[in-house]
Amino acid sequence: MIESFKHCCILVNERVESAIASEMTSIDQLLAFTELYCNLDFPGGCPITNAAVEADAVSAPLYHHAQEAMKGLLIRLEEIIVTGITKSEIRPDVNPQDTALVILSAIEGGLLMKKLFPSSTSMTAVKNQLVRYISCDLK
């Protein structure tokens, strides 16, 4: 089970890095991350969140791996934000940790809503709000 989870995380990270590598600015990298992650096409949604929810009561090692994987995504977002602040692409008063948490939490919540209500437009609403937040509020 853990090896399968690790494989899914590798696939997610490869997709994330590929999406942000082609973007020149930190704002565009955050937008690319948002677009990619909002459109994750894994059966059942985000493998990291699924593992965290299911493994909490069943498998401490898998739960730990899920924590580490989510922490890795948060750190990657924080790095993009810090770079953006350094390059004056993002306002200097933006808190990188809080901003990364808001972005990832909103996406994960949207993925959950999409799983619970497949025909709804909840993921589109979350993505649109994040695009506005990243494009307007962070500059």
Side-chain angles (χ1 to χ4, degrees):
M1 185 189 295
I2 291 175
E3 291 307 314
S4 176
F5 173 74
K6 286 182 179 179
H7 177 70
C8 285
C9 289
I10 289 169
L11 294 176
V12 169
N13 287 332
E14 286 175 352
R15 291 180 187 181
V16 165
E17 290 305 319
S18 176
I20 64 177
S22 62
E23 302 300 336
M24 299 301 295
T25 70
S26 57
I27 294 293
D28 287 340
Q29 289 175 346
L30 292 173
L31 291 171
F33 176 90
T34 300
E35 180 68 30
L36 169 88
Y37 222 85
C38 284
N39 294 311
L40 270 182
D41 57 358
F42 281 96
C46 176
I48 300 169
T49 300
N50 290 344
V53 169
E54 294 175 18
D56 183 27
V58 180
S59 172
L62 181 57
Y63 184 76
H64 175 72
H65 284 288
Q67 279 182 317
E68 292 301 311
M70 193 64 77
K71 187 187 307 180
L73 288 173
L74 287 167
I75 289 170
R76 188 66 181 104
L77 288 171
E78 290 169 18
E79 291 170 349
I80 293 169
I81 295 162
V82 167
T83 299
I85 292 169
T86 303
K87 292 182 174 183
S88 298
E89 297 167 348
I90 293 177
R91 291 189 346 256
D93 63 323
V94 168
N95 181 302
Q97 293 80 20
D98 291 351
T99 303
L101 183 63
V102 166
I103 291 170
L104 194 53
S105 296
I107 294 170
E108 290 293 352
L111 291 171
L112 174 62
M113 296 302 287
K114 180 179 171 181
K115 184 175 181 178
L116 290 169
F117 306 104
S119 64
S120 83
T121 59
S122 56
M123 196 70 246
T124 301
V126 168
K127 183 171 64 171
N128 289 343
Q129 285 293 83
L130 284 174
V131 166
R132 278 191 291 277
Y133 173 66
I134 293 166
S135 299
C136 300
D137 294 348
L138 297 183
K139 289 185 179 184

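These numbers come from the heavy atoms of this one structure, side chains and all, not from hydrogens, waters or symmetry mates.
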Next item on the list: Report yes or no: do Met113 and Ile103 belong to one cluster of Ile/Leu/Val/Met/Phe/Trp/Tyr joined by side chain heavy-atom distances under 4.5 Å?
Entry: no
Notebook entry, point to check: Going from CD on Gln29 to OG1 on Thr34, what distance comes out if it is rounded to the nearest 0.5 angstrom?
Noted result: 11.5 Å
Notebook entry, point to check: Residues two or more places apart in sequence or in another chain: which of them pass salt bridge (Lys or Arg N to Asp or Glu O under 4.0 Å) with Lys114?
Noted result: none
Check: With a 4.5 Å heavy-atom cut-off, do Leu112 and Glu108 have their side chains touching?
Finding: no
Margin query: Keeping Ser135 on the side-chain end and Val131 on the backbone end, is there a donor-acceptor pair under 3.5 Å?
Written below: yes
Check: Which distance, rounded to the nearest 0.5 Å, do you find between the CG of Asn39 and the CG of Leu111?
Finding: 9.0 Å
Next item on the list: With the side chain counted from C-beta on, respond yes when Lys127 and Glu35 share a heavy-atom pair under 4.5 Å apart, and no when they do not.
Entry: yes
Notebook entry, point to check: For the residue pair Pro61 and Ile2, what are the closest heavy atoms and their distance?
Noted result: CB-CD1, 3.6 Å
Check: Do the side-chain N and O atoms of Glu89 and Thr25 include a donor-acceptor pair separated by under 3.5 angstrom?
Finding: no
Notebook entry, point to check: Passes side-chain contact (heavy atoms from CB on, under 4.5 Å), Phe33 versus Ile80? Steps please.
Noted result: CA-CA 10 Å; Phe33 176 90; Ile80 293 169; 5.5 Å; no
Notebook entry, point to check: Side-chain contact, heavy-atom cut-off 4.5 Å: Asp93 with Ile85?
Noted result: no
Margin query: What's the separation between atom OG1 in Thr99 and atom CG in Leu74, rounded to the nearest 0.5 Å?
Written below: 11.5 Å
Check: With a 4.5 Å limit on heavy-atom distance, are the side chains of Val16 and Leu36 in contact?
Finding: yes
Check: Taking atom OG of Ser26 and atom CG of Leu138, what is their separation to the nearest 0.5 Å?
Finding: 8.5 Å
Notebook entry, point to check: Hey, what do you get for CG (Leu104) to CD1 (Ile48), rounding to the nearest 0.5 Å?
Noted result: 8.0 Å
Check: At what distance, to the nearest 0.5 angstrom, does NZ of Lys115 lie from OG of Ser122?
Finding: 13.5 Å
Checklist line | Validation row: Arg76, Leu73 side chains within 4.5 angstrom (heavy atoms) | finding: no
Checklist line | Candidate list Ile134, Thr83, Ile81, test side-chain contact (heavy atoms from CB on, under 4.5 Å), partner Ile90, passing option | finding: Ile81
Notebook entry, point to check: How close do Val82 and Pro96 get, heavy atom to heavy atom, and via which atoms?
Noted result: CG2-CG, 3.7 Å
Next item on the list: Mind listing the closest non-hydrogen atom pair of Ala100 and Glu78 along with its distance?
Entry: CB-CG, 3.7 Å
Checklist line | Phe5 side chain near Leu62 side chain, heavy-atom distance below 4.5 Å | finding: yes
Notebook entry, point to check: Under 4.5 Å between any side-chain heavy atoms of Gln67 and His64, yes or no?
Noted result: yes
